[in-house]
Amino acid sequence: KRNTFLSTFYAIEKNFKQIFSSLSPGGNARFVLENPLDPFSGGVIIEASPAGKEIKRLELMSGGEKSITSLALIFAIQQYHPAPFYIMDEIDAFLDEQNSSRVADLIKELSRTSQFIVVSLKKATMKKADQIIGVTYMNGSSCVFSIDANLKQLEEQCGGEG
Amino acid sequence: KRNTFLSTFYAIEKNFKQIFSSLSPGGNARFVLENPLDPFSGGVIIEASPAGKEIKRLELMSGGEKSITSLALIFAIQQYHPAPFYIMDEIDAFLDEQNSSRVADLIKELSRTSQFIVVSLKKATMKKADQIIGVTYMNGSSCVFSIDANLKQLEEQCGGEG
Amino acid sequence: VYIKKIAIRGFKSFGNRKVTVNFSKGFVVVVGPNGSGKSNLLDAIRFGIGMLSAKSMRAGSFSDLIFYSKSGSGRAAKYAAVSLYLDNTDRRIPVNSDTVIITRQIDLDGKGVYRLNGRTVSRSQIVDLLEAAGISPDGYNMIPQGEILEVIRKGPVEIRRLFENIA
Amino acid sequence: VYIKKIAIRGFKSFGNRKVTVNFSKGFVVVVGPNGSGKSNLLDAIRFGIGMLSAKSMRAGSFSDLIFYSKSGSGRAAKYAAVSLYLDNTDRRIPVNSDTVIITRQIDLDGKGVYRLNGRTVSRSQIVDLLEAAGISPDGYNMIPQGEILEVIRKGPVEIRRLFENIA
Ligand SMILES: Nc1ncnc2c1ncn2[C@@H]1O[C@H](COP(=O)(O)OP(=O)(O)OP(=O)(O)O)[C@@H](O)[C@H]1O
Ligand SMILES: Nc1ncnc2c1ncn2[C@@H]1O[C@H](COP(=O)(O)OP(=O)(O)OP(=O)(O)O)[C@@H](O)[C@H]1O
Ligand SMILES: [Mg+2]
Ligand SMILES: [Mg+2]
């Protein structure tokens, strides 16, 4: 049990280091076991610092830096053991344009082994999608259409009384 | 005391209705006193619905709709009794492009009677600014420059050891 | 396994007209104006895979999940129903069919029904089958709006447990 | 009253070099990449007008507010100081000068000093003067990052109190 945990731990950490430095070039990151001798009696601490910075604690990071660190953790686990699908709602809300497009590029890569369904308001994210789905509120209710659909489909889905 | 409160209440409500329907065209909003006979024994309930919707409770609103309603409240108070300055950090994070530019237009108008210092990542907001201030992290610390500044000022502010 | 299609009727802002969405396998981005129903679409997916907490679908109670409407622009619904069509050619869900259809329905007095490929089953049967494939409504792979900053606020023990479940 | 200028030294990510920013009177937008120091600039303003809670400046303790640095790229600071130059031609701040300069400094053991136009004063003197002009670090006119959704989560009584204070 301890060995299975440790091999998972080190594999995810290896991914985390690599993903964090690709999302935050020049930065570095790692996990620290609170009790390396008996991992189950303690937890896992995440440490991460963007380039040229020394972050004492993750709470001191900015909104964008926290988003990047959170995503690096999720993607590190995805790479180790992909879940069938990822449902994410405006994960790029606090990201600037450069970080948004780095995250979108990475999702595009990871979407070869898992499906990603992501709500976004940012062009940098939309640009990298395999499929764009539009949602609109018409005639008192929501309807959905695929952006490449023709107007006829829009009428079918959204026309008339809801 | 009760009369002063009520005249403030009705004045702010009048602003709130007008501002909410300018930020959310076709929508309507109002305040409700929990106890109209003795306002101090109850509170003030905010009700607001975007066009064509009937919102039972504000918690059911979307992220963008909640942002618009919050801003309408703040701006309604500003119009009644402007504070000297407003310090706002990414208030447009959950707003789509249309709502961001409506909010920016309104701030521009209100900034005749109060100073607004607003952090934003959105172009729709930057476009309406009287002044843009850039912040960057160089040589291990933050430095600030006015976007219209020449490179020389940037060097002065940000060059060398921090 | 991936989500091929979803069919929604009477769930949150989706009215009495059945709305169907075909998803592609890779990177799908959902766009639209504020208040259009994007987050509700994601809530419908989590509802379909058995989400129990109304609060995490931003509803006060289960009845808030059923479409209600202003008089005139459409009748309020009597029930909400979501069907998820999951591609199962890789058989990660231990069911012997290429497509697994999960349907969940609730009516105004909160009574719920789950169906698997048309047959009525219990919630725990659905949840067990999905968990075998690494699908859970509260998984680390579900990030609701505004909650991306919550991930690193998890304590050290919670992170350790996350790794243990993955192992 | 408006903020004409701010001078910052050793506060959060602002290093030992004094940084000054001139603000215009109307609509000022602050831009820059993630982690550059935008929110820290706004924290400096709230610190200058007497903000007491380190937590709402995203710091664990007061010493987190003083610039620390990786060895090599600059020495860690021994104190943090912020000066706010407020235009007071409308005399909303009950001080008889066209510009009111408020300076706040803290050192590593948390000892703080406030100065008004160069003279050392107590915190409560500063807070009283600013409150007379409708300026308070916790006012409804201060919205920290990620907190725009908190405004309407205030309860009815809190909203009523807000209106009472404005009246
Ligand atoms: N049971 C219901 N019946 C009708 N409408 C509902 C119901 N539940 C929620 N809504 C409506 O759904 C809308 C919110 O939709 P949603 O949160 O999906 O928007 P969104 O597209 O994610 O917007 P944003 O970009 O602002 O986050 C609200 O206007 C709300 O009133
Ligand atoms: N006392 C300190 N000394 C040095 N650096 C600090 C100190 N306190 C905070 N920081 C650094 O300041 C940075 C955060 O700055 P800030 O939150 O202002 O960024 P921001 O420009 O608002 O970014 P975002 O767009 O992501 O919100 C962090 O990288 C953090 O490590
Ligand atoms: Mg949403
Ligand atoms: Mg910030």
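Throughout, a chain's letter reflects where its sequence line sits, starting with A, and its residues are numbered from 1. The figures here come from the full heavy-atom set of this structure, side chains too, leaving out hydrogens, waters and symmetry mates. This structure is a prediction, so every number in the text was calculated from the model and none was measured.
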Take a 6.0 Å sphere around NZ of Lys56(B) and say whether it holds more than 12 heavy atoms from other residues, nucleotides or ligands. yes
Pair Arg160(D) + Glu34(B), salt bridge at N-O below 4.0 Å: no
Which atom pair, heavy atoms only, marks the closest approach of Ala83(B) to Gly134(D)? CB-O, 4.2 Å
Rounded to the nearest 0.5 Å, how far apart are CD of Gln115(B) and NZ of Lys4(D)? 11.5 Å
Which pair of non-hydrogen atoms, one from Phe27(D) and one from Ala104(B), has the smallest distance, and what is that distance? CE2-O, 3.7 Å
Can you tell me which portion of Tyr80(B) sits under 4.5 Å from chain D's heavy atoms? Options are side chain, backbone, both or neither. side chain
Give, as side chain, backbone, both or neither, the part of Ile46(B) having an atom under 4.5 angstrom from any heavy atom of chain D. side chain
Quick one: what part of Asp87(D) sits under 4.5 Å from any heavy atom of chain B, side chain, backbone, both or neither? neither
When rounded to the nearest 0.5 angstrom, what distance separates OG1 in Thr4(B) from CD1 in Ile166(D)? 14.0 Å
Atom NZ of residue position Lys108(B) - does it have more than 12 heavy atoms of other residues, nucleotides or ligands inside 6.0 Å? yes
If you define the side chain from C-beta out and look only at heavy atoms, does anything of Phe40(B) sit under 4.5 Å from Glu164(D)? yes
Given a strict heavy-atom distance threshold of 4.5 Å, which part of Lys1(B) is in contact with chain D: side chain, backbone, both, or neither? side chain
Greatest number of heavy atom pairs closer than 4.5 Å to chain B - which of Leu86(D), Ile159(D), Asp90(D): Ile159(D)
How close do Ser141(B) and Gly15(D) get, heavy atom to heavy atom, and via which atoms? CB-N, 3.6 Å
When the ring planes of Phe31(B) and Phe163(D) are compared, do they come out parallel, tilted or perpendicular, using 30° and 60° as the limits? tilted
Leu73(B) versus chain D, heavy atoms under 4.5 Å apart: side chain, backbone, both or neither? side chain
When you look at CD of Glu150(D), are more than 12 heavy atoms from neighbouring residues, nucleotides or ligands closer to it than 6.0 Å? yes
Measuring heavy-atom distances to chain D, does Ala93(B) have an atom under 4.5 Å in its side chain, in its backbone, in both, or in neither? neither
Chain B contacts, top residue of Tyr140(D), Phe14(D), Tyr2(D) (heavy-atom pairs, under 4.5 Å): Tyr140(D)
Between Lys38(D) and chain B, with a heavy-atom cut-off of 4.5 Å, which part of the residue counts as in contact: side chain, backbone, both or neither? both
Looking at side-chain heavy atoms only, is the closest gap between Val44(B) and Pro156(D) below 4.5 Å? no
Return the option, out of Gln78(B), Met88(B), Glu59(B), Met61(B), with the maximum number of heavy-atom pairs under 4.5 Å with chain D. Met88(B)
Based on non-hydrogen pairs under 4.5 Å, which of Leu149(D), Val1(D), Ile3(D) is most in contact with chain B? Ile3(D)
Does any backbone or side-chain atom of Ile12(B) lie under 4.5 Å from a heavy atom of chain D? Answer side chain, backbone, both or neither. side chain
Measure across Asp130(B) and Ser24(D) and return the closest heavy-atom pair with its distance rounded to 0.1 Å. CB-OG, 4.2 Å
Here the gap from Asn141(D) atom CG to Phe85(B) atom CZ, rounded to the nearest 0.5 Å, amounts to 7.0 Å
SG-CZ distance between Cys143(B) and Arg17(D), expressed to the nearest 0.5 angstrom: 5.5 Å
Heavy-atom cut-off 4.5 Å, strictly under: side chain, backbone, both or neither for Leu162(D) against chain B? side chain
Spacing of Arg153(D) atom CZ and Ser70(B) atom OG [to the nearest 0.5 Å]: 9.0 Å
Counting only heavy atoms from other residues, nucleotides and ligands, does the tally under 6.0 Å from CZ of Arg102(B) exceed 12? yes
Close side-chain approach of Ile133(B) and Val31(D), heavy atoms under 4.5 Å: no
Smallest separation among heavy atoms of Ala133(D) and Pro84(B), with atom names: O-CG, 3.1 Å
Residue part contacting chain D, namely of Thr8(B), when any heavy atom lies under 4.5 Å: side chain
Determine the option with the most heavy-atom pairs under 4.5 angstrom with chain B, choosing from Asn40(D), Val29(D), Leu42(D), Ile143(D). Val29(D)
Can you tell me how far apart CG (Leu58(B)) and NZ (Lys154(D)) are? Round to the nearest 0.5 Å. 13.5 Å
Residue among Asp43(D), Val30(D), Ile45(D), Leu41(D) satisfying side chain to side chain contact (heavy atoms under 4.5 Å, CB included) with Ile87(B): Ile45(D)
Heavy-atom pair of closest approach, residues Ser142(B) and Gly37(D): OG-CA, 3.6 Å
For chain D, find which of Phe94(B), Tyr137(B), Phe116(B), Phe5(B) contributes the most heavy-atom pairs closer than 4.5 angstrom. Phe116(B)
Chain D contacts, top residue of Gly63(B), Ala129(B), Ser7(B) (heavy-atom pairs, under 4.5 Å): Ala129(B)
Report the C-alpha separation of Ser39(D) and Asp89(B) in whole Å, then their side-chain angles, then the decisive distance to 0.1 Å, and conclude whether the side-chain hydrogen bond (donor to acceptor under 3.5 Å, both in side chains) test is met. CA-CA 7 Å; Ser39(D) 296; Asp89(B) 200 341; 2.6 Å; yes
Contact between Val118(B) and Val28(D) at the side-chain level, heavy atoms closer than 4.5 Å - yes or no? no
Identify which part of Ile74(B) has an atom lying under 4.5 Å from any heavy atom of chain D, answering side chain, backbone, both or neither. both
